[in-house]
Amino acid sequence: MTVPSLPPVPHPSDSDPAPDDSPRLDVFPADFCWGAATAAYQIEGAAGYDGRKPSIWDTFSHSPDATLNGDTGDIACDHYHRWHDDFDVAKSLNLNAYRFSVSWARLQPTGRGPLNPLAVAHYRAQLERLRALGIRPFVTLYHWDLPQELEDAGGWPARETVDRFAEYAARTAEALGDLATDWITTNESWCQAFLGYGEGKHAPGRRDWRAAVAAAHHLNVAHGLAVRAIRAARADASVGTAQLIVDFVPASSSPADAAAARRWDAYHNQTFLGPLRGGGYPADVLDLYREDGLAELIRPGDDAVMAEPIDFLGVNHYQQVVVAHDDDGTPPLRARDIPAEPALTSLGWSVKPESLRNVLVRVAGEFPDLPLYVTESGASFDDYVDPDGNVLDQERVDYLRRYLAAAGDAIKDGVDLRGYFAWSLLDNFEWAEGYRMRFGLIYVAYDTQARIPKASALWYRDLITDHAALPRPA
Ligand code: FCB
């Protein structure tokens, strides 16, 4: 198949001089990964194909009132059948890296035992093609699609799931490890644990705070065991995890608001970052879950497993959140967020590029010597195809420009940042928000499955081209 030619879409660099808040390209290392990210359930579709069995997201999205308009990932972007063309488009955008997740429910449909050979063949073909295209794959093992049979056996709140994940990681790394060096164990454990088991907004839709705390601990241990399993399969693997890091800012200088922001930081960020550093959970985190049985869940050896050395840390960043103390708030958090001011994305998330710099500088300070990647960063806007067939998403162009400038500022501050993965390569199934929220660089017309690179995709392509063309010392 030939690389599709892209439509001639006007975008800022055609006419205007680069705005002052454009990224300084020379601060990005020559081998910087310019990528985009996706996740299996959000794009693959082909839910019942080739031996795949249901995951918790199939069950949840088919439950009444779980997702906007009852949307499901049954078909999604049909990427399972269209990946070859999608990779050609990615190549035409000059991406040199691509982060995607393999589906646990496809590779190991019941969550136990040998891998499904059809799924192994599928992902091996994808990895081989990425290699041929010169696109470096970053393989995520777990982006929230727990096999339903494991949920029926207790799910993440059950310790048994940790062992199942370790087995899945080992078998997958053995099956695919010769074709991929860069591995991400878990994605955004906070969302899985607390949105999935605490708030019930994500699969599996449970509302049980203690179960959520148990899920969080088990995801942390599962991560550590997966690091070991991947290394055992491929000694030179580079392994990390991708965690959601929110920039929490106290609403005022009052000690109460500062303490509230610290509690939210413990809850969202440190529950997952803390144990990676060694020495177990930080005091703030243990305090937060004092009534919820965290301490009793920790088995001898867990602290060391959770702190298994990693090669990089993936930062998924979307929001700055302003936090105020709230006496009436639910314990133990007793905090509320102050709604963000404009500018906002269509999901109502704040647009504050400096927050990306803040979190990168902060995480780099907490993990000296550990390379960082921005493994997700992006925004949803109300994109549409105009009468000429173009998607002129100027807001996303501005967003990317300003966030990449902030990433460049973090590098100037001394952060060892190795790559940036725009969320997302394609518009896709945005979990409980269904298909309404469009995050893609590439527009997906779900009725025809046509792909249209948006103006932001072409802007990103040109930026990558310009970066590659910078003169480098010999
Ligand atoms: C992150 C998820 C990703 C996507 C973006 C918008 O929390 O990891 O799958 O939904 O948000």
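In each ligand, atom 1 is the first atom listed, and ligand 1 is the first ligand listed.
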#### Entry: Test item, L244 contacting ligand 1 (heavy atom, 4.0 angstrom)
no

#### Entry: Sub-4.0 Å heavy-atom approach of H143 to ligand 1
yes

### Message
Please check this pair: side chain of D427 against backbone of V444, looking for a donor-acceptor N/O pair closer than 3.5 Å.
### Response
yes

Under 3.5 Å side-chain donor-acceptor pair for [X] and [Y]:
X	Y	result
T241	T186	yes
Q319	S355	no
Y443	D393	no

## Note on the structure
salt bridge (Lys or Arg N to Asp or Glu O under 4.0 Å) test vs R82 passes for just one of D78, D85, D86, namely D78

### Task
From the options V415, V315, N269, select the one residue that forms a side chain to side chain contact (heavy atoms under 4.5 Å, CB included) with R362.
N269

If you count the atoms of ligand 1 from 1 in the order shown, which ones are under 4.0 Å from a heavy atom of [X]?
X	result
W431	3 (C), 4 (C), 9 (O), 10 (O)
Q42	3 (C), 4 (C), 9 (O), 10 (O)
F439	6 (C)

### Message
Polar contacts were defined as any N/O atom of the residue lying under 3.5 Å from an N/O atom of the ligand; does this apply to W144 and ligand 1?
### Response
no

Specify the protein heavy atom at minimum distance from [atom]: its residue, its atom name, and the distance to 0.1 Å.
atom	answer
atom 5 (C) of ligand 1	Y318 OH, 3.3 Å
atom 7 (O) of ligand 1	E188 OE1, 2.4 Å
atom 3 (C) of ligand 1	E376 OE1, 3.4 Å
atom 10 (O) of ligand 1	E430 OE1, 2.7 Å

### Ring-face cation contact, Y80 with R106, 6.0 Å cut, 45° max
yes

